[in-house]
Colleague: 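One structure, pasted below without further comment.
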Amino acid sequence: MNAHLILLRLDVRLIACGLTLLLPLFANATDCPPETMVQVTVFPDYYAVNKQRLGDVVALEASLGPTNERVVRLEKCGPAATQALVAAIATLNVVHNGVIEIHALPVVDPKCSRSQGERIFMP
């Protein structure tokens, strides 16, 4: 009977050690956005993707290319960007079969700063 208790304690310790090693990996996985996500910051007069300013929805669509396996995350900067957000949703909804996430950011959010040295691209 003692042999059975020793094996049980050993099994519990192995499980505890395994969980201790795996928990940091789960924490890292939730902090990092997936590689299949494209983040688009929506301003009233342009869209920003990877430090690049896109002047209209057509340029945004061309920049994203085929995104059916990727998640497109639209982050709207303030209430003035609502019309640009609706235009992006309407366009991407036609050409994109994947997930489109919509997030509203406050104007004071650092992502909404217009002084990030972005290049302007207009087709």
Side-chain angles (χ1 to χ4, degrees):
M1 181 123 104
N2 287 338
H4 180 66
L5 289 176
I6 290 172
L7 288 176
L8 182 63
R9 285 185 181 170
L10 182 63
D11 287 344
V12 170
R13 286 182 184 163
L14 285 174
I15 291 171
C17 289
L19 287 176
T20 303
L21 293 173
L22 290 177
L23 284 178
L25 295 176
F26 291 132
N28 287 341
T30 59
D31 289 344
C32 301
E35 293 179 9
T36 58
M37 180 181 290
V38 178
Q39 293 186 349
V40 179
T41 308
V42 181
F43 291 92
D45 50 348
Y46 67 92
Y47 303 93
V49 181
N50 298 330
K51 300 282 186 184
Q52 182 179 24
R53 288 185 185 186
L54 304 170
D56 58 9
V57 177
V58 175
L60 175 64
E61 180 184 349
S63 156
L64 295 178
T67 59
N68 292 336
E69 290 84 33
R70 296 186 287 176
V71 174
V72 176
R73 179 182 173 125
L74 299 173
E75 298 177 330
K76 178 182 79 138
C77 287
T82 302
Q83 186 175 1
L85 177 69
V86 170
I89 293 169
T91 301
L92 293 176
N93 194 32
V94 173
V95 298
H96 178 68
N97 294 329
V99 176
I100 299 174
E101 292 183 359
I102 303 168
H103 298 270
L105 301 176
V107 179
V108 295
D109 191 286
K111 289 183 180 179
C112 294
S113 171
R114 291 175 181 253
S115 60
Q116 294 179 352
E118 299 160 335
R119 299 181 309 262
I120 298 175
F121 174 76
M122 293 193 165

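The first residue of the sequence shown is numbered 1, and numbering continues consecutively from there.
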Colleague: Can you tell me how far CZ of R70 sits from CD1 of I100, rounded to the nearest 0.5 angstrom?
Modeller: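 If we round to the nearest 0.5 Å, I100:CD1 and R70:CZ are 12.5 Å apart.
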Colleague: Assess the residue pair I89 and I102 against the criterion (side chain to side chain contact (heavy atoms under 4.5 Å, CB included)); give the C-alpha distance rounded to whole Å, side-chain angles, the decisive distance to 0.1 Å, and a yes or no.
Modeller: CA-CA 9 Å; I89 293 169; I102 303 168; 3.3 Å; yes
Colleague: Search all heavy atoms of A84 against all heavy atoms of V42 and return the closest pair with its distance.
Modeller: CB-CG1, 3.7 Å
Colleague: So, for F43 and A48, which heavy atoms are closest and what is the spacing to 0.1 Å?
Modeller: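 Of all heavy-atom pairs spanning F43 and A48, the closest is CE1-CB, 4.0 Å.
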Colleague: Hydrophobic clustering (ILVMFWY, side-chain heavy atoms < 4.5 Å, transitive) - are L105 and M37 grouped together?
Modeller: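 Unlinked, M37 and L105 end up in two clusters.
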Colleague: Under 3.5 Å, is there a donor-acceptor pair between the side chain of N50 and the main chain of Q52?
Modeller: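 It does not hold such a pair.
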Colleague: For the residue pair P44 and A81, what are the closest heavy atoms and their distance?
Modeller: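 Distance-wise, the nearest heavy atoms are N-CB, 3.8 Å.
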Colleague: About how many Å separate OG1 of T41 and NE2 of H103, when rounded to the nearest 0.5 Å?
Modeller: 11.5 Å
Colleague: Shared ILVMFWY cluster between V94 and V86, side chains joined below 4.5 angstrom?
Modeller: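 In one cluster: no.
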Colleague: Would you find a donor on one side and an acceptor on the other, under 3.5 Å apart, between the side chain of Y47 and the backbone of A59?
Modeller: no
Colleague: How about K76 and T82: do any of their side-chain heavy atoms sit closer than 4.5 Å?
Modeller: yes
Colleague: Say you draw a straight line from CG of L64 to OG1 of T91; how long is it, rounded to the nearest 0.5 Å?
Modeller: 11.0 Å
Colleague: Quick check for you: to the nearest 0.5 Å, what is the distance between E61 atom CD and L54 atom CG?
Modeller: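 It comes to 11.5 Å.
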Colleague: Is there a side-chain contact between V40 and L92 (heavy atoms, below 4.5 Å)?
Modeller: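 No - every pair of side-chain heavy atoms lies 4.5 Å or more apart.
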